[in-house]
Amino acid sequence: MEVVQTRALSKVYGKKSAVDELSMTVHEGDIYGFIGKNGAGKSTALKMLCSLAAPTSGEIAIFGRPVTDSVSRKRTGILIESPGIYPGLGAEDNMMQKAVCLGLVDGKKKVRELLSLVGLSDTGKKKTKQFSMGMKQRLGIAMALLGSPDLLILDEPVNGLDPEGIVKVRALLQKLNQERGITILISSHILGELGKLATRYGVIRDGRMVQEITAQQLEENCRDYLHVRVNR
Ligand code: ATP
């Protein structure tokens, strides 16, 4: 089943074409690595998938429904740019704020379960301003999971993390995919950051989809994709 499908999706800012007729498909159970250098159009595309930016033209279906549909929104957890975290509160209080907004009946139980899942149970009263970037990203992922989504959309969640932070986030995402069946769409400007995480890749350049390939194809034709091994 197609979880995310776009057809000729475009976004123009003034005269700048940020996303240009982008077509992509993320299937149920995929960890889809959305790869492209800085400015390639990843964030703009993901924002449109999360209904945070309106397309100039083109189509988007999430779980076969329009992106603005309440069912597709409910089934999607998002972590775009920096997670919306209150720096003066601890992990649990941050989570509870969102749980209350979502009207979760068993909020506290769910919050504690998710904090344990992302390895942040033992942070106690420590304020999030004292958290490492990796801890903040894992908290952001826990917050994105509060609505029990079937799809997670993550924009550069490992960007700027130290190697240990990257390994932890990668392991967490793998666990969410394998044990909870969550489909994951994750962007990065460094292919190597995703390691062997993704099962499929979409390579975007100048707003256009260059190619969609499986992890196996990528490994077999590594040389053809060296251009996506780009840093800032
Ligand atoms: P990065 O990782 O640096 O965010 P990206 O691949 O996510 O890169 P986008 O942020 O989507 O790329 O940007 C794609 C292009 O669109 C860039 O040239 C950017 O300057 C431009 N752009 C993005 N948002 C806006 C905006 N709100 N107004 C004008 N131009 C924008």
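This chain uses plain numbering: 1 for the first residue, then up along the sequence. When a ligand or atom number is given, it counts from 1 through the structure's own listing order.
Counting all heavy atoms, side chain and backbone alike, Ala142 lies closest to Leu114 at O-CD1, 3.5 Å.
Taking a cut-off of under 4.0 Å to the non-hydrogen atoms of Thr44, the atoms of ligand 1 that pass are 9 (P), 11 (O), 13 (O), 23 (C). Counting atoms of ligand 1 from 1 in the listed order, those under 4.0 Å from a heavy atom of Lys37 are 6 (O). Atoms of ligand 1 found under 4.0 Å from any heavy atom of Ala40, numbered from 1 in the order shown, are 5 (P), 6 (O), 12 (O). Of all atoms in ligand 1, listed by their number and element, those nearer than 4.0 Å to a heavy atom of Gly41 are 5 (P), 6 (O), 9 (P), 11 (O), 12 (O), 14 (C). In summary, the atoms of ligand 1 found under 4.0 Å from a heavy atom of Ala18, numbered by their order in the structure, are 15 (C), 16 (O).
Side-chain contact annotation: Ser188 with Glu193, donor-acceptor N/O pair under 3.5 Å present.
Selection from Ser43, Gly39, Ser17 by nearest heavy atom to atom 7 (O) of ligand 1 gives Ser43. The option from Lys42, Lys16, Lys47, Glu156 that lies nearest to atom 6 (O) of ligand 1, judged by heavy atoms, is Lys42.
Using a distance-only test at 3.5 Å, with no hydrogens or angles considered, no donor-acceptor pair links the side chain of Lys37 to the main chain of Arg205.
By the 6.0 Å and 45° rule, Arg200 does not stack over the aromatic ring of Tyr32.
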How far apart are the C-alpha atoms of Ser148 and Lys110, what are their side-chain angles, what is the distance that settles it, and do they pass the side-chain hydrogen bond (donor to acceptor under 3.5 Å, both in side chains) test? CA-CA 10 Å; Ser148 305; Lys110 177 106 185 163; 2.6 Å; yes

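Looking at Arg180 and Glu113, a side-chain N of the basic residue comes within less than 4.0 Å of a carboxylate O on the acidic one, giving a salt bridge.
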